[in-house]
Protein chains: 2
Amino acid sequence: MERKCYNEASKCLNVDNMLARCVLFSGVKPEEIRGLMTCMDGQVLHYSKGEYLLRAGDKIDSACILLTGGVIAEQVDYWGNRDILQEIRPGELFAVNYAINEGEVVPSNVVAIEDSCVLMIDADRLVKVCDRGCACHNRVKDNLILMLSTRNRALTQKLRHLSKRSTREKLISYLTEASINAGKKEFDIRLDRQQLADYLAVDRSAMSSELSRMKNEGMLDYKKNHFTLYVRAEE
Amino acid sequence: MERKCYNEASKCLNVDNMLARCVLFSGVKPEEIRGLMTCMDGQVLHYSKGEYLLRAGDKIDSACILLTGGVIAEQVDYWGNRDILQEIRPGELFAVNYAINEGEVVPSNVVAIEDSCVLMIDADRLVKVCDRGCACHNRVKDNLILMLSTRNRALTQKLRHLSKRSTREKLISYLTEASINAGKKEFDIRLDRQQLADYLAVDRSAMSSELSRMKNEGMLDYKKNHFTLYVRAEE
DNA sequence: TAATATATGTTGTAAAAACAACAGAAATGA
DNA sequence: TCATTTCTGTTGTTTTTACAACATATATTA
């Protein structure tokens, strides 16, 4: 695992444009990125395939952006069962929540599945606006707030569905939300059946059965991704 | 529902000290709060018991802090079934994620269960640091990042457990995390059985049975809130 | 268009969870 | 200390879900 500062590393990597397309740097011009990296002291670390970037239990002080390669977050339980939580692709920001809140430990391993370059940005430098008071640093901070807030919404939403005990209740929660978002009782959903089942953490075929039971009961109608909800008198 | 600016309303409410204890205003002196409220144009709204602060589907541009009284967030599905998601107490910040991301609709109703006073802060004014460049405004922004990040961690963590399909897997996920946090295989948990069951969205007695099954299999031992995990060879 | 692949729905069976009812342990308080 | 309440564990029954295997519908592509 070798370490370089961003401005040196970027000579070979040529990732300025890629970074400029990240939400975190939205509104920052590619040519401003290098200045930003100086003031945030961005460091680029190289990991070989199979090497661990983070291990469950670590405490960290830097947020990470994957520049090249690929890494995954994996959860390994006490008894050794492994579960892949997430695949992280170039341009994605990760570990930021644990870097900002330094006391908290990282809950999962992060491991390189290809040779990878990772940009590390110290959370304090990311959050505290530097003395030079550069406008783009403030912009990054605003972007960070937006990203955290967006993620928060998505998580809250999913959690509302997953907190329901039965498949039917999960479906009702999901479909109600889709209907609220659409602003009407007829709407399309973005997920296919398998994706929806995965999202709601249920079996696909069992979910299909439940949907058709609900259709028989007159609660709703659907064809593929198009749903219609019906209020009806209790029989 | 009547509306006043903060500095006027606070004459009767006397909530400067309470606000100063909120995480959002941590590090801001009580006497600075009023200046901050001027520059953020904080408005205080009064709602009578039963009145709706927000309805599912609304778009909003202000974050809310409950000053006095009590409100709840409730989810009502398309078929009219009501579910209380959250009780909000004085000092708590809510709706901030939907205010920051203006395009998104609020997914649940918020209704006053007592006569309540609510401080509304326009999200743009909260996030954009004002021209006067007051230090405490920047401090509030830092606090907001910390709050969003903390909440993000809690949600991610809960979601990791709830994404598991079976009670056993949920328990394994929860206990593994507790063990990682403790840094050893022996630890106390903060929740009692009913709270843990609610957190994992399973039935308490079924969860108790599962725990004792796991104990019989030699995976772990426990007494009340004290748990010990055992690695053991497959029999 | 035919052939193939993919997505969705259906059914019966096995497994798991919820539910209900109760017993015993621990905590609380008079 | 005893009575009462709260918490936890246990058991049997019912309900729900997962699972597997297959049927049908839809989409894709040769």
Side-chain angles (χ1 to χ4, degrees), chain A residues 77 79 81 83 158-175 178 186-230 234-235, chain B residues 77 79 81 83 158-175 178 186-230 234-235:
Chain A
D77 70 36
W79 296 269
N81 307 298
D83 202 1
K158 183 165 182 180
L159 211 45
R160 255 200 317 280
H161 309 322
L162 287 193
S163 299
K164 308 291 181 193
R165 305 237 180 134
S166 66
T167 301
R168 174 175 292 221
E169 282 179 308
K170 287 176 181 174
L171 283 167
I172 285 177
S173 177
Y174 178 84
L175 294 173
E186 206 173 339
F187 51 87
D188 291 320
I189 64 172
R190 301 177 312 287
L191 307 176
D192 67 27
R193 293 290 183 277
Q194 186 60 61
Q195 291 169 328
L196 181 56
D198 290 341
Y199 180 75
L200 298 179
V202 297
D203 177 75
R204 181 198 59 79
S205 74
M207 187 188 74
S208 265
S209 307
E210 193 60 48
L211 274 173
S212 78
R213 219 168 297 141
M214 290 164 82
K215 185 196 271 191
N216 283 335
E217 291 174 24
M219 293 177 68
L220 48 75
D221 204 357
Y222 57 88
K223 184 168 188 187
K224 302 223 52 163
N225 294 344
H226 190 77
F227 284 76
T228 312
L229 310 185
Y230 299 127
E234 295 293 322
E235 60 174 319
Chain B
D77 69 38
W79 296 268
N81 307 298
D83 202 1
K158 183 167 180 178
L159 212 44
R160 257 200 317 279
H161 309 321
L162 286 194
S163 300
K164 308 292 181 192
R165 304 239 179 132
S166 67
T167 301
R168 175 175 292 223
E169 281 178 310
K170 287 176 180 173
L171 283 168
I172 285 177
S173 178
Y174 178 84
L175 293 172
E186 204 172 340
F187 51 85
D188 290 319
I189 64 173
R190 302 177 311 288
L191 306 176
D192 67 27
R193 293 291 183 279
Q194 185 60 61
Q195 291 170 326
L196 181 56
D198 290 343
Y199 179 77
L200 298 179
V202 296
D203 177 75
R204 182 199 59 79
S205 74
M207 187 188 75
S208 266
S209 306
E210 192 59 49
L211 274 174
S212 79
R213 217 169 299 142
M214 291 164 83
K215 185 197 272 192
N216 282 335
E217 291 174 26
M219 292 177 69
L220 49 77
D221 203 357
Y222 57 87
K223 185 169 187 185
K224 301 225 54 165
N225 294 346
H226 190 79
F227 284 76
T228 312
L229 310 184
Y230 300 126
E234 296 292 324
E235 59 174 323

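We name chains A, B, ... by the order of the sequence lines, and we start the count at 1 in each one.
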Problem set entry | Spacing of B:Gln194 atom CD relative to C:dA26 atom C1', expressed in whole Å | 17 Å
Exercise. Taking all atoms of both residues into account, what is the closest heavy-atom pair of B:Asp198 and A:Arg165, and its distance?
Worked result: OD1-NH2, 4.1 Å
Exercise. NE2 of B:His226 versus P of D:dT8: gap in Å, rounded?
Worked result: 15 Å
Problem set entry | Atom pair distance, as rounded to whole Å: CG in A:Asn225 and C1' in C:dT6 | 14 Å
Problem set entry | Pairs meeting criterion ring pair (Phe, Tyr, Trp, His ring centres under 6.0 Å) with involvement of residues 201-222 of chain B, two or more places apart | B:Tyr222-B:Phe227
Exercise. Can you tell me how far CG of A:Leu171 sits from CG of A:Leu220, rounded to the nearest 0.5 angstrom?
Worked result: 8.5 Å
Exercise. Separation of A:Phe227 atom CZ from C:dT8 atom C1', in whole Å?
Worked result: 11 Å
Exercise. Between atom OG of B:Ser208 and atom CZ of B:Arg204, what is the distance when rounded to the nearest 0.5 Å?
Worked result: 5.5 Å
For this session: Just report the end-to-end axis angle for the helix from C:dT1-D:dA30 to C:dA30-D:dT1, five pairs per end, to 10 degrees.
Result: 50°
Exercise. Can you tell me how far OH of A:Tyr230 sits from NZ of A:Lys215, rounded to the nearest 0.5 angstrom?
Worked result: 9.5 Å
For this session: Rounded off to whole Å, could you give me the CZ-to-P distance for the B:Arg190 and D:dC7 pair?
Result: 17 Å
Exercise. Can you find a pair of side-chain heavy atoms, one from B:Arg160 and one from A:Asp83, that are under 4.5 Å apart?
Worked result: no
For this session: Find the distance A:Leu200:CG to D:dT17:P and express it as a whole number of Å.
Result: 12 Å
Exercise. Taking 4.0 angstrom as the limit, do B:Glu217 and B:Arg168 come out as a salt bridge?
Worked result: yes
For this session: Indicate yes or no for a side-chain donor-acceptor contact from B:Arg193 to the backbone of B:Lys224 under 3.5 Å, with no hydrogens or angles considered.
Result: yes
Exercise. What string of B, S and - do you get for nucleotides 9-25 of chain C, 5' to 3', when a contact is any protein heavy atom under 4.0 Å?
Worked result: BBB-----SBBB-----
